[in-house]
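All remarks here apply to the structure that follows.
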Amino acid sequence: MKLHSLDPLEPPFRDPFAAYIHGDPQAVAAAAPPEPSASAWETTRQAIHAKLFPRSQTLPQPANSPRRRPWVVGSFTALTAVAATVVGLLLANDFSVPALSQFSLVHNTPAGTPATPSLPNPTTTDELGEMAILPIATEDEVVLHRVPGDGWLPIGRDLLPALIVLAGPDEVEMNDTPTAWPPVVTAPDAAPMIFAAKPR
Amino acid sequence: MTALIVASLITLAGPAKDNPVRVTVVIVLATENTTQVDPRLKDLAKEVQKRDPKLTGFKLVATESKSIPVGEAAIVPLTDQQVLKVQVDRHKDENGRITLTLHPPAMDVVSYACVCDKFFPIVTPYRTKAGEQLIIAVMAKPCTGMK
């Protein structure tokens, strides 16, 4: 057992464990395990890679390899920045999925039925939790306002018939024809139409 | 009893005057580069080709339907940020026609009366960047309205 010296010139004895507990930087640094060498890191990395990609694939270059050119890093950074900007804009404008956003749906409330106010419920996280079967609106309960031409119609009546029927010559009457328009002669068998296309 | 019937008739006839008109707008792009025609646009393509045989491809972009009260107008988005302003001037008249005023892109205002449930096409001068010609076809209903 070492006895403490009473010599005032000798530096006082410090218990390293107590210094570590009290957060002494020197004691903490002294207690830290030594960093593995670069060769040890490389050995570990190759072992992991051998497990993940057995035999068939080549080893990727380490991050500090001279083969990693600056323009690759720059391109990756630029692409990441562009993607982050696009995502930010989409979130800021509250865009939804484009294919679904082309549909404008209105749920019909039957006449005489009082409208049920929808109040936010901050404690409910799963709004579908109490539904055993997801209730789907019937065809009569949905009115489509806009339908894309090549879209799939999951429910509701299509706004268009199977074939667009044009009005006949006796079924249209022009009220105010602009004087700038050229005189139009309509053939008896032709459907009335305003053809304002510019000459090619 | 008679008074009750008369009152009922008045009640039924009153709201009919205020019933909005359902206007359906079909947005079509025609092109010279393809020969594909949407089956629903077969008659429209045939009539347009009488005026311009070079337009051989007809694509249905979208269909939009709006309920517009008589005397009021609505905006229908078309394509390429172009819009169509539709105003309902008059409900179904004695000839069974509904009067509309349209303001298509790159065109003067068009006012016309057309029978209900049938489409009236307008080939606009607007072209997309790809050279497609914008065509709109407008239909109004119901057919059971004021006479």
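Residue numbers start from 1 in every chain, and the chains themselves are labelled A, B, ... in the order their sequence lines are given, proteins ahead of strands.
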Heavy-atom closest pair (E47(B) atom, A190(A) atom, distance to 0.1 Å) is OE1-CA, 3.6 Å
With the side chain counted from C-beta on, respond yes when K118(B) and L166(A) share a heavy-atom pair under 4.5 Å apart, and no when they do not.
-> no
Minimal non-hydrogen separation, R22(B) against L144(A), with atom names = NH2-O, 3.7 Å
Between I135(B) and chain A, which part of the residue has a heavy atom less than 4.5 Å away: side chain, backbone, both or neither?
-> neither
Which atom names give the shortest non-hydrogen contact between L159(A) and T24(B), and what distance separates them?
-> O-CG2, 4.3 Å
Answer whether the closest heavy-atom distance between the side chains of V26(B) and L160(A) falls below 4.5 Å.
-> yes
A40(A) meets the side-chain contact (heavy atoms from CB on, under 4.5 Å) criterion, sequence neighbours left out, with P36(A), S37(A)
Going by heavy atoms in the side chains, are L41(B) and I164(A) under 4.5 Å from each other?
-> yes
Okay, side chain of R146(A), backbone of P77(B): is any donor-acceptor separation there less than 3.5 Å?
-> yes
If one checks every heavy atom of P39(B) against chain A at 4.5 Å, the contacting part turns out to be backbone
Between F119(B) and P161(A) the two heavy atoms that sit nearest each other are CE1-CD, 4.4 Å
Polar side-chain atom of E171(A) near backbone of C114(B) as donor-acceptor pair, under 3.5 Å | no
Cut-off 4.5 Å, heavy atoms of chain A, and the answer for S67(B) is neither
Measure the shortest side-chain to side-chain distance between F195(A) and I122(B) over non-hydrogen atoms and say whether it is less than 4.5 angstrom.
-> no
Quick one: what part of A162(A) sits under 4.5 Å from any heavy atom of chain B, side chain, backbone, both or neither?
-> backbone
Any residue meeting side-chain contact (heavy atoms from CB on, under 4.5 Å) with A29(A), in chain and number order, not counting sequence neighbours = none
For the side chain of R51(B) and the backbone of I194(A), is there at least one donor-acceptor N/O pair under 3.5 Å apart?
-> no
Count the heavy-atom pairs under 4.5 Å between each of T63(B), V115(B), V76(B) and chain A, then report the option with the highest count.
-> T63(B)
For K50(B), is it the side chain, the backbone, both or neither that has a heavy atom under 4.5 Å from a heavy atom of chain A?
-> side chain
